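Below is one structure; the comments refer to it alone.
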Amino acid sequence: MSLITLDRFILQSEQAHPAATGELSQLLMRFGLAGKQIARELAVAGLKRELGSAHTTNVQGEEQKKLDVLANEILLETFDYGGLVSLAASEEMEEPFLYTRSTETGSYAIFFDPVDGSSNIDVNGTLGTIFSVRRRKDGPDAFLGVGHDQISAGYILFGPATVLVYSCGDGVHLFTLDPSIGEFLLTRETVRMPARGRGFAVNEGRWSGWTPAVRAFTEYLKEKDPETGRPYSTRYSGSLVGDFHRILLEGGVYYYPADTLSGKPQGKLRLLYESQPLAFLAEQAGGRASTGKERILDIQVEALHQRSPLVIGSMSEVTLFERFVRGEGAP
Ligand code: FDP
């Protein structure tokens, strides 16, 4: 059986677009390279005593772990040659990083969350890197736009295996790292998210800050009703990438709603490098992503670290969530 590496798959996919310059292909391959480097650092961080706090906070006031900072540096360095990228923005940097050597040539802007699920770092839990690619725009607010501006998005999941999932708008494709040859190999092409699942992922400890509609939806999922397949099972890992990956494969729903008691009226997740890239993947796989009222990809981003509530997953559960928000309840 011939092995289809990530690079081979990307190059073969490029042939379907005769006008392609090859730049996007190069850029996507670089995310594969960065993913391998981050995976290596995560695997040995405990041995090298690189776990724990960096004793700094990011722009959102969240504690930065040493590995958040290291993964951010790896990603920045990965795109610092070849003239592909003019701007990078990340959860870990207050302002966008400008690649001064590529100001004129770089056709792309990239956005990433270097280590998603940071609270899992010190306990050897599931982690992820989320990325998004847009065409470069000029001007001081070059990152502003809507989620539909994304031309590619993906994530790397660091679990028992390291998995890379991406889409360029032609379906969602899944690769698994084979450590023995140091290559991501195609394991599933054109992944389809089940239209309905049996699990839900939410931090229920935040219940007291939720709206009555979100509470009612959660209660509904937990009620016993064999006819509709309830109760659902709770599956929450503390890593959005880990939880989304399960939902991509098995169906179900993840939500991080507004939480007024914790001072998060817009929820916790950031549009540019968390919600919109995963929304792009969800829709490409046949699922949905919403705030509860509005499609995530339709949201006009007005600030680099802008947050919004997120409900993402199977068509059936996301639609049901929206019904509860409108006060309609279950059909
Ligand atoms: P984290 O801040 O720990 O990096 O990115 C936000 C995120 O992780 C998600 O991955 C995760 O689902 C969520 O926050 C966890 O937040 P709570 O601890 O509030 O549940």
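Because the structure is predicted, anything quoted here is derived from the model rather than measured. Only heavy atoms go into these numbers, but all of them, side chains included; no hydrogens, no water, no symmetry mates. Whatever order the structure lists them in is the order used to number ligands and atoms, beginning at 1.
Of the N and O atoms on the side chains of Glu92 and Gln64, at least one donor lies less than 3.5 Å from an acceptor on the other residue. Side-chain contact of Asp7 with Thr5: a donor-acceptor pair under 3.5 Å is absent, judged by distance alone.
With a 4.0 Å cut-off on non-hydrogen atoms, Tyr254 touches ligand 1 through its side chain and not its backbone. Here Leu240 has heavy atoms under 4.0 Å from ligand 1 in both its backbone and its side chain. Only the backbone of Ser239 comes within 4.0 Å of ligand 1, judged by heavy-atom distances. Residue Leu269 touches ligand 1 through its side chain alone, judged by heavy-atom distances below 4.0 Å.
Applying the 6.0 Å contact sphere to CG of Asp122 captures more than 12 heavy atoms from other residues, nucleotides or ligands.
Under a 3.5 Å cut-off, the side chain of Gln284 and the backbone N or O of Gly171 do form a donor-acceptor pair.
For the pair Tyr236 and ligand 1, the shortest N or O to N or O distance falls below 3.5 Å. Taking any N or O of Arg206, backbone or side chain, at least one lies under 3.5 Å from an N or O belonging to ligand 1. The distance criterion of under 3.5 Å between nitrogen or oxygen atoms is met by Gly117 with respect to ligand 1.
Between Tyr155 and Phe131, the distance from one ring center to the other does not fall under 6.0 angstrom.
In this structure, the side chains of Ser233 and Arg198 stay at 4.5 Å or more apart for every pair of heavy atoms.
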